[in-house]
2 protein chains.
Amino acid sequence: MTQITNDLYQVKEKMYVATDCIIFGFHQGKLKLLVFKRKLEPLQGEWSLIGSFVQLDEDLEVAGQRVLKETTGLEDVFMQQLKTYGRKDRDPGYRCISIAQYALIRIDEYDEKLVEEHGARWYEIDDLPVLILDHNEMVQDALLQLKHNARYKPIGFELLPEKFTIPQLQSLYEAIYQRELDARNFRKKVLSLNVIEKLDEKDKTTSKRGAFLYKFNYDNYQKLLKSGYNFEIA
Amino acid sequence: MTQITNDLYQVKEKMYVATDCIIFGFHQGKLKLLVFKRKLEPLQGEWSLIGSFVQLDEDLEVAGQRVLKETTGLEDVFMQQLKTYGRKDRDPGYRCISIAQYALIRIDEYDEKLVEEHGARWYEIDDLPVLILDHNEMVQDALLQLKHNARYKPIGFELLPEKFTIPQLQSLYEAIYQRELDARNFRKKVLSLNVIEKLDEKDKTTSKRGAFLYKFNYDNYQKLLKSGYNFEIA
DNA sequence: TATAATAAATGTAAAAAATACATTCATTAT
DNA sequence: ATAATGAATGTATTTTTTACATTTATTATA
């Protein structure tokens, strides 16, 4: 639970239902997490995931999207339920369960101003601060899930801009798997899946020669999924 | 939500938190699901998963185990959180989210009497009745998860008695994957993982020759897991 | 305008893993 | 003694994964 609306702990006479968002981004070859400085007591000033109570008339997914919108300005973000955290003593004072959802966003797209207003900051995933409650546990679980999913779904594309180069994609997968990959084998594998399309443009920000830009082909992806394919990318 | 404690729908002024259990068993070569006949209004007499509200002073996992204990008499059952179902209109009348957990149990061990008292019945998974609310969706999601997990963890062992034969194990995997496997390749693969131990006993219930019994070796399993192994079994 | 520098792009051979497939074995019942 | 039954076993082929070094396109600068 992240948004506590008064500043005194109270007795456990009611079950609260919250959602917390684990927001991943990818920037300059690094996988990053968006963390927030708590504005309310208790634990004011501590680092925390962003979250909110789930409203009575609100779907779970909608609650997650609402939090994302309020904090980053982004809509229709890729978001997936991770796990529900429900240890009876996870939040001292309240009895509160939290449905953790993780989001993948394209850092170049988010609304910087909104993020700043919320006292938020991007941290590299291998240099995270201590977070309140069980939030570090949530992040570690989400990282595991991300690694796992990246192996079987082309989930990584959510973290890149619409047009990206193969070296960029490789660098993302290296950040997720936390190990280096062979450029030839990676390219071979990714192209063999037939889910990215070569464009007639080059990105020249990282080399004189320039690297061709590609875009993700959702149609082919859907077809591949239906055919029962496995999608191991690296 | 399954256990509703009065018989009139009421307005949505409070968030309820329930847990529903998807109980899988394996018997005579078939993967089965334990379903229950609802005892209370609304929807009395309909087939349903078994569930309960989560108590204020109760961990989520404990709530699941409690339900299992009450309905099958079994304790320390293998159980895993599946997903939280939180559509705002999933339960007409109440606003109730449900944390679905799935359990794998050894059918020969469960307490038949307790199951009967609860008006429960085992259904083959490809012959399930219509269940209340979103329970059919929960079951389908759980089956997908089970298939997925069975591929990467030797999860299937939870569904077999402690001593089992390789043909039995194969038959279980065939039931989970819903396709036939090659006996030679299956045996080769399973033995190569080094997680089952041959015993000096045979099971002669299915053949004159008898098949050697094996038991699962949790220590080797843990070692293998730590070494980062993948565990694809079929 | 030639040259140096840089990251992008490419192919092949070896190793490992997955698959396809048919026969013999141990035991019991007749 | 023999027929019947499911259990157990090995090998060759195909597919997938891995390891590894050179050339290419472009820009900056000498």
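Letters A, B, ... mirror the listed sequences (proteins, then strands); counts begin at 1.
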Interface polar pairs with nucleotides 11-13 of chain C, N/O, under 3.5 angstrom:
unit_1 : atom_1 : unit_2   : atom_2 : d
C:dT12 : O4     : A:Lys188 : NZ     : 2.8

Kindly write out the residues that satisfy salt bridge (charged side-chain N to carboxylate O under 4.0 Å, His left out) with [X], not counting sequence neighbours, or none if the list is empty.
X	value
A:Lys32	none
A:Arg187	none
A:Asp141	A:Lys83

### Query
What residues, two or more places apart in sequence or in another chain, satisfy side chain to side chain donor-acceptor pair (under 3.5 Å) together with A:Glu201?
A:Lys163
### Contacts of A:Arg209 that satisfy side chain to side chain donor-acceptor pair (under 3.5 Å) - sequence neighbours left out
none
### Task
Not counting sequence neighbours, which residues clear ring pair (Phe, Tyr, Trp, His ring centres under 6.0 Å) with B:Tyr218? List them please.
B:Phe216
Nearest whole Å is fine: how far is [N] [atom2] from [X] [atom1]?
X	N	atom1	atom2	result
B:Gln170	D:dG6	CD	P	14 Å
B:Phe186	D:dG10	CZ	C1'	19 Å
B:Leu191	C:dA18	CG	P	15 Å
B:Arg187	C:dT24	CZ	P	18 Å
A:Lys189	D:dT18	NZ	C1'	12 Å
A:Glu201	C:dA8	CD	P	17 Å
A:Tyr214	C:dA9	OH	P	6 Å
B:Arg179	C:dA18	CZ	C1'	11 Å

### Message
Can you tell whether the side chains of B:Lys69 and B:Glu75 come within less than 4.0 Å, N to carboxylate O?
### Response
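Yes.
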### Query
Going by an N to O cut-off under 4.0 Å, is there a salt bridge joining A:Glu162 and A:Lys215?
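No salt bridge links A:Glu162 with A:Lys215.
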### Task
Mind jotting down which residue pairs meet the salt bridge (Lys or Arg N to Asp or Glu O under 4.0 Å) criterion with at least one end in residues 119-128 of chain B? Sequence neighbours excluded, please.
B:Lys30-B:Glu124
### Query
For residues 202-212 of chain A, which residues have at least one heavy atom under 4.0 Å from DNA chain D?
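Correct list: A:Lys202, A:Lys204, A:Lys208, A:Arg209.
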